[in-house]
Chemist: 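Just passing along the structure, written as structure tokens.
Within every chain, numbering begins at 1; the chains are lettered A, B, ... in the order of the sequence lines, protein sequences first and strands thereafter.
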There are 2 protein chains.
Amino acid sequence: MVRTGSASVAAGPTLAVVAREAGVSVPTASKVVNGREDVAPETRRRVTEALDRLGYVRRPRFDGARPPRLVDLVVHSLEDSASGAVLHGAEEAAHDAGLEIVVSAALTRSRSERPERDWLDRLVLRGSAGILFHRAEPSGPQYTWLEQHRVPFALIDPVRQPPPGVVSVGGANWQGGVTATEHLLALGHERIAVIAGRRSTMSCGARVAGYRSALASAGVRHRPEYLRHADPNGAGARRRMRELLDLPEPPTAVFVCSDRMVSGVYEALAERGSRVPDDMSVVGFDDLPEARWLTPALTTVRQPLSEMAATALHLLLRMTDGPRPESIRTELSTRLVERSSTAAPPGA
Amino acid sequence: MVRTGSASVAAGPTLAVVAREAGVSVPTASKVVNGREDVAPETRRRVTEALDRLGYVRRPRFDGARPPRLVDLVVHSLEDSASGAVLHGAEEAAHDAGLEIVVSAALTRSRSERPERDWLDRLVLRGSAGILFHRAEPSGPQYTWLEQHRVPFALIDPVRQPPPGVVSVGGANWQGGVTATEHLLALGHERIAVIAGRRSTMSCGARVAGYRSALASAGVRHRPEYLRHADPNGAGARRRMRELLDLPEPPTAVFVCSDRMVSGVYEALAERGSRVPDDMSVVGFDDLPEARWLTPALTTVRQPLSEMAATALHLLLRMTDGPRPESIRTELSTRLVERSSTAAPPGA
DNA sequence: CTGAAAGCGCTTACAG
DNA sequence: CTGAAAGCGCTTACAG
């Protein structure tokens, strides 16, 4: 075990250690490492052998070569089933660009637990090439700090409206809302309800706006009692679905603002013996993994999370080399994935 | 504006130049660049401004003082639904230890695409504190390389039997197989089949061995035709389930070696009008997210993936500071999670 | 909060 | 060919 000090084990031996091992001076070892000609064959052999034996790794030079660069991905929760797709997209794009991804849920955690500064300090210390935030936004002071330290960052599917000038990538939420609603209209539905997430979330607002537009275009009256806001999880949605079912004139179809909430909708329907899609059509949004596992499999509006993450990474890289990209908000198109949760309304 | 100092262009200004420009010493400029606290706001502003104006580019560090340490997590696929839990556990444990996680699928990819050495070199270059492999194992030469460079590593739920001396963390697969089978036996089943994954996978072998033991203990004869190996995915399992259904005396219950395969089993059963759990009981293994989304929700043997990842990380950390841990193979206990896919056999 | 001093791992120029 | 010496860009420890 040859070790210089308390330095990281994996950092490997220094040239000095190798030189000592080979019985030569540091400059001579340096020449061998750099492939210089002016070294005696026997000396070269001894040094090479020591290099190999100790597993010497060149440290980056001051001028040209850089160590692999790291990009930070901050997610609001690693338990969110959307995180997988985001990570997948970011990791692939990073790999192609010769970068690596550091994943953390640190931002969210630090809000309550520890000074956020810690994390940001470390990030700059190791020279992060930039930060991607997925459904997690920096706080006001963090925005300032990031600007000051010129750390490029971009938001993926931000929950709230980002401050002016902040780069973000999202899905075409409004268009997706239109698509979902038009699909139901085309099947013959007119009593179409929406279960939306929290009023404050940006994506949800746009999805609901799309729903309203589609309704208006089709000349179908929007009924206020058909729009329900819920906590963005199964339990929240279950409650709202029950309320919709209790209406004097219940809907024949629901557009649920995120697949995340659909399990609760299915539960509420099962409680009342309402079958999907025979008695009630359900359309989701996002195309999270659960959309395929639910029974019946969920017809949903696919948001290309992996592509969004990859796009955000590319934007980040461009910011590193130059000015902010022209387009501050990028929207990738959404599309309907038809599965088995929608049909014509009963009696149609 | 930050430039990235691409190798070809003339090296950017040095910190010394920036410091002069800002009218401060080099150490002070260094502090600003590194986000240190102990700089007067006005000084910080002047330095930041000079940094911007001159387009300073951070040079890589080369001395003994270390930036925050990084641990690598290599997964076989970011699209595997188990990856989320593994990442979650690793990230939390890392965070608590003041480390950060670099995620990659690089190993798997590199097998075909590019020289593995690239990736490993980079890893050492940036001073990885060690590597966690989830269901992805280093190749022979990689093992050698890792040993030589003294990069600590540990395997999480390895697919194959690791070489002697390699540290790994898994679930109690044999015990889990016993648990699953005993559960079915207790419900009154005697005709219990197993759909296993590939013969070569270690965890699967242990699970099947547990199944046999439980059968033997209960004095139930093992029927060879009830053991089927399948490709570890839905399609593979669907085919085997059909075969089991075609048997002269089909089973009344199936133990499926991984939740990953259960969707195919459900499909095969639905095709034949066989209801779960009334006509056929199904037990899975792993407790992946889909176990909750399937209908009926899957009774399965939970493998504590997050805890396994956290344990592997702790072992890794111990290896960094000293010799290899005593215990080369660590097994965390598994437990049955009862949901709705099991019941007494028909006619019981 | 600031910066002189010492130090890091490495390379270059050059005397032997 | 070899290696002592000087130097590079940077960071840390610490005295003020």
Chemist: Mind calculating the distance between CZ (B:R45) and C1' (C:dC1) to the nearest angstrom?
Modeler: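 Answer to the nearest Å: 17 Å.
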Chemist: With the threshold set at 4.0 Å, does a side-chain nitrogen-carboxylate oxygen contact exist between B:R45 and B:E42?
Modeler: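 So B:R45 pairs with B:E42 through a salt bridge.
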Chemist: So does A:E21 pair up with A:R53, basic N to acidic O under 4.0 Å?
Modeler: yes
Chemist: Could you measure the distance from the CZ atom of A:R160 to the CG atom of A:L155? Nearest 0.5 Å is fine.
Modeler: 12.0 Å
Chemist: With respect to the phosphate group of C:dT2, does any side-chain polar atom (N or O) of B:T43 fall under 4.0 Å of OP1 or OP2?
Modeler: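 True: B:T43 side-chain N/O within range (under 4.0 Å) of C:dT2 OP1/OP2.
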Chemist: Looking only at atom C1', what distance separates C:dG7 and C:dG3, rounded to whole Å?
Modeler: 16 Å
Chemist: Looking only at side-chain N and O atoms, does B:S30 come under 4.0 Å of OP1 or OP2 in D:dC10?
Modeler: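 No.
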Chemist: Out of C:dG9, D:dT2, C:dC1, which nucleotide sits closest to the side chain of A:A40?
Modeler: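 Looking only at side-chain atoms, A:A40 lies closest to D:dT2.
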Chemist: Paired with C:dA13: which nucleotide, if any, by Watson-Crick or G-U wobble criteria at under 3.5 Å for both distances?
Modeler: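 Pair assignment: C:dA13 / none.
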Chemist: Whole Å only: how far is the CG atom of A:L15 from the C1' atom of C:dT11?
Modeler: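 Between C1' of C:dT11 and CG of A:L15: 10 Å.
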Chemist: Quick check on D:dT2: is either OP1 or OP2 less than 4.0 Å from any side-chain nitrogen or oxygen of A:T28?
Modeler: no
Chemist: For B:Y143 and B:F153, take the angle between the two ring planes, folded into 0 to 90°, and tell me which bin it lands in: parallel under 30, tilted 30 to 60, perpendicular over 60.
Modeler: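 Answer is tilted, since the angle falls between 30° and 60°.
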Chemist: On DNA chain C, check which nucleotide each of A:D38 and A:V26 is closest to and give me the residue with the more 5' one.
Modeler: A:V26
Chemist: If each of A:P27 and A:R44 is mapped to the nucleotide of DNA chain D with the nearest heavy atom, which maps nearer the 5' terminus, i.e. the 5' end?
Modeler: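 Counting from the 5' end, the first nearest nucleotide belongs to A:R44.
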Chemist: What is the separation between atom NZ on A:K31 and atom C1' on D:dG3, rounded to the nearest whole Å?
Modeler: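 Value for this atom pair: 7 Å.
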